[in-house]
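Comments concern the structure below.
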Amino acid sequence: MTQAGSNRRPSNLFYQSGTRRPPVDRAEGIYIWDQYGGRRIDGSSGAMVVNIGHSNPYVLDAMKRQMDKCTFAYRLHYENDAAEDLATRLCDLAPAEFNRVFFVSGGSEAVESCLKLARQYAVATGQASRFKVISRFPSYHGCTLGALAITGYAALAAPFAPMMHEMPKIPAPTAYLDRDQLTMEERGIRYADMLEAEIRAQGPDTVLAFIMEPVGGASTGALVAPDSYYPRVREICSKYGVILIHDEVMSGAGRTGKFLGGDHWPGRPDLIALSKGIGSGYCPLGAMLAPDWMVQPVLEKGGFLHGFTYAGNPLASAAGLAVLEVMEKEDLIQNAARMGEVIRDRLEGLKPRFPFIGDVRGKGLLLAAEMVADPETMQPLPAHLNAYQRIIDIAYDKGLIIYSRRTRGGNEGDHFLVCPPMIITPAQVDEMMAIIEDSLDTLARELDLPRGP
């Protein structure tokens, strides 16, 4: 790939690290070009955002038409048709009973909205003693202090611990790591029963909610629990009056091969946080989906004490509605399911050549491969190798953007995510997988990792 020149302009921006990437020039479909002529496959859809691909003309046209009419209308001053139409479409796509939508600008805001509505519902219905939100470790639910308090990712949360009311955690259902005599179904029940034990330990009258990603994101590397886990969690939450929140910020909007990640299993949630894919990167957009039985008591007690300036922004809403229309017209959710199976099989097929690939998991186009020192014991790679960072840098230089984190609490457990836009074709899968294979080969040689024939 063409590298950045030495005459790059000074920047007043600062990013999460000192590393700078070349300036972007344009993007189309699954490809992004930089200003130096380099082209890369967007194999992570940004941060698992651009579900329908870049620069879709239908969406751009819808946004231009809305721009000609109105780009901003504050929600306390006016209703707007774009937001109303998008809310109606989201309710049509959501499980039964989800008939209320609260718009936000991103995933952290969507999660915060769920937490606040749950709490206000408890207060409005005479359950003010409930305030604790149980989550899983590891997990990621956002970077605002409220969302970070329920995030199980030590590297991100530790510096801010004195500023937060940290909430209780239970182990994430990492059944693929277990070396016991249980079946996967039994493991799923065992992990779910950890929730009941924690509710009882905390005091059922103090527990407000349980939040989980139906299909994990970056913190767990597309973790999928055993099938038995999901209905058992629902049963436990119902038994103790605990609100079940599905964080679908990353797994929603068709990425897993269904509109919601939770649609793969029984066990309907009570609240849903959505973002990323519903706006597909065309405008900042997120939403909380809620049932009327939860919203109405809050409204009757004085209203929802929460909100954001750009909630229900007409331009963002017009973009979001057009994104959903593209998904339907082009059958992209089914394509995500089909191409996801192909990519997963191809990743599995790399294990003999690269024995350090210990596990491949996920649903649809939310997939990950975990790299380990020993695939039998699943012992992680030594943390000092920084394999999770090195693999994305190597792939980037070879023309592919992928995403990586550390699975086991943020300190070890290197993995990389493969999450291309839902428009990807079989030929583009071939192109992407060739770069992944080449990148793994380079990584193995650099770090002296085992290689097969």
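The structure presented is a predicted model; accordingly, all values stated were derived computationally and were not measured.
- Using a 4.5 Å heavy-atom cutoff, the side chains of Leu350 and Ile436 are in contact.
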Step-by-step salt bridge (Lys or Arg N to Asp or Glu O under 4.0 Å) determination, Asp441 to Arg445 | CA-CA 6 Å; Asp441 189 62; Arg445 285 187 281 105; 3.3 Å; yes

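- When all heavy atoms of Met250 and Gly217 are compared, the closest pair comes out as SD-CA, 3.5 Å.
- For Arg344 (side chain) and Gly362 (main-chain N/O), a donor-acceptor pair under 3.5 Å exists by modelled atom type.
- Side-chain atoms of Gln379 and Glu412, non-hydrogen and from C-beta on, never get closer than 4.5 Å to each other.
- Shown here are the side chain to side chain contact (heavy atoms under 4.5 Å, CB included) partners of Asp331, two or more places apart in sequence or in another chain: Gln334, Arg338.
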Given side chain to side chain contact (heavy atoms under 4.5 Å, CB included), test Phe210 with Ile243 step by step and report yes or no. CA-CA 6 Å; Phe210 173 58; Ile243 294 167; over 6 Å; no

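- Interatomic distance, Arg406 CZ to Thr220 OG1, rounded to the nearest 0.5 Å: 16.0 Å.
- Formation of a donor-acceptor pair under 3.5 Å by the Tyr282 side chain with backbone atoms of Asn56 is found in this model.
- A search for side chain to side chain contact (heavy atoms under 4.5 Å, CB included) contacts involving Ser108 returns Cys143, Thr144, not counting sequence neighbours.
- With sequence neighbours excluded, the residues forming a ring-ring contact (aromatic ring centres under 6.0 Å, His included) with Phe102 are Phe304, His306, listed by chain and number.
- By the ring-ring contact (aromatic ring centres under 6.0 Å, His included) test, His77 is found to be paired with Tyr74, residues two or more places apart in sequence or in another chain being considered.
- Distance alone, capped at 3.5 Å, is enough to place a donor-acceptor pair between the Arg136 side chain and the Glu213 backbone.
- Under 3.5 Å, the side chains of Glu84 and Asn80 contain no donor-acceptor pair of N or O atoms.
- At a threshold of 4.5 Å between non-hydrogen side-chain atoms, the residues Leu400 and Arg40 do not count as touching.
- Screening residues 372-391 for salt bridge (Lys or Arg N to Asp or Glu O under 4.0 Å) gives Arg390-Glu446 as the qualifying pairs, with residues at least two apart or on separate chains.
- Between atom CG of residue Leu381 and atom CG of residue Leu443 there is a gap of 8.0 Å, rounded to the nearest 0.5 Å.
- Within the structure, ring pair (Phe, Tyr, Trp, His ring centres under 6.0 Å) pairs that include any residue of residues 319-338 do not occur (at least two apart or interchain).
- Counting only residues at least two apart or in different chains, ring pair (Phe, Tyr, Trp, His ring centres under 6.0 Å) contacts with residues 44-72 comprise Phe72-Tyr310.
- In terms of the ring-ring contact (aromatic ring centres under 6.0 Å, His included) criterion, residue partners of Tyr121 (sequence neighbours excluded) are, by chain and number, Trp293.
- To the nearest 0.5 Å, the span separating OH on Tyr140 from CG on Leu148 amounts to 7.5 Å.
- No donor-acceptor pair closer than 3.5 Å links the side chain of Arg100 to the backbone N or O of Ala290.
- For the atom pair CE of Met339 and CG of Leu332, the computed distance is 11.5 Å after rounding to the nearest 0.5 Å.
- Ionic pairing of Lys398 and Glu437 is not present here: no N-O contact between side-chain nitrogen and carboxylate oxygen is shorter than 4.0 angstrom.
- Taking every heavy atom of both residues into account, Ala318 and Ala82 meet most closely at N-CB, 3.8 Å.
- The two residues Phe103 and Gly312 have their closest heavy-atom pair at CB-N, 3.3 Å.
- Panel note: side chain Ser280, backbone Asn51; a donor-acceptor pair is recorded below 3.5 Å.
- Sorted by first then second residue, the ring pair (Phe, Tyr, Trp, His ring centres under 6.0 Å) pairs that include residues 337-363, not counting sequence neighbours, are Phe354-Phe356.
- In this structure, Arg361 pairs ionically with Glu370, as a charged nitrogen and a carboxylate oxygen lie closer than 4.0 Å.
- Between the side chain of Glu109 and the backbone N or O of Ser113, no donor-acceptor pair lies under 3.5 Å.
- Taking each heavy atom of Arg187 and Ala175 in turn, the nearest pair found is NH1-O, 3.1 Å.
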Could you list the donor-acceptor pairs under 3.5 angstrom formed by side chains in residues 413-432, with sequence neighbours left out?
unit_1, atom_1, unit_2, atom_2, d
Asp414, OD2, Ala387, N, 3.3
Asp414, OD2, Tyr388, N, 2.8
His415, ND1, Arg405, O, 3.2
His415, ND1, Thr407, OG1, 2.5
His415, NE2, Ala218, O, 2.9
Thr425, OG1, Gln428, N, 3.2
Thr425, OG1, Gln428, OE1, 3.4
Gln428, OE1, Thr425, N, 3.1
Asp430, OD1, Arg346, NH1, 2.9
Glu431, OE1, Tyr31, OH, 2.6
Glu431, OE2, Arg39, NH2, 2.5

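- The side chain to side chain contact (heavy atoms under 4.5 Å, CB included) with Ser135 is formed by just one residue from the set Ile170, Ile211, Ile245, Asp247; it is Ile211.
- Remark: the backbone N or O of Ala27 is paired with a side-chain donor or acceptor of Ser55 at under 3.5 angstrom.
- Heavy-atom minimum distance, Gly221 versus Ala368: O-CB, 3.2 Å.
- Salt-bridge check for Arg21 with Asp34: failed, with every basic side-chain N at 4.0 Å or more from each acidic carboxylate O.
- Between the Lys276 side chain and the Leu274 main chain, no donor and acceptor come within less than 3.5 Å of each other.
- For Gln35, the CD atom sits in a packed shell: over 12 heavy atoms of surrounding residues, nucleotides or ligands are nearer than 6.0 Å.
- Rounding to the nearest 0.5 Å places CE of Met433 at 7.5 Å from CD1 of Ile343.
- Annotation: Met67, atom CE; neighbour count of heavy atoms from other residues, nucleotides and ligands within 6.0 Å does not exceed 12.
- Taking Asp61 as the reference, Arg65 meet the side chain to side chain contact (heavy atoms under 4.5 Å, CB included) condition, with sequence neighbours excluded.
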- Step-by-step side-chain hydrogen bond (donor to acceptor under 3.5 Å, both in side chains) determination, Ser45 to Arg255: CA-CA 10 Å; Ser45 303; Arg255 174 152 293 280; 2.9 Å; yes

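- Ionic pairing of Asp85 and Arg89 is not present here: no N-O contact between side-chain nitrogen and carboxylate oxygen is shorter than 4.0 angstrom.
- The structure places OG1 of Thr256 at 8.5 Å from NZ of Lys258, a figure rounded to the nearest 0.5 Å.
- Side-chain atoms of Ser44 do not come within 3.5 Å of backbone N or O of Tyr403 as any donor-acceptor pair.
- By the salt bridge (charged side-chain N to carboxylate O under 4.0 Å, His left out) test, Asp25 pairs with no residue at all, sequence neighbours left out.
- In this structure the side chain of Pro226 never reaches within 4.5 angstrom of the side chain of Tyr191, judged on heavy atoms.
- Ser275 contributes a side-chain N or O that, together with a main-chain N or O of Gly107, makes up a donor-acceptor pair within less than 3.5 Å.
- Phe137 and Tyr153 get closest at one heavy-atom pair: CE1-N, 4.0 Å.
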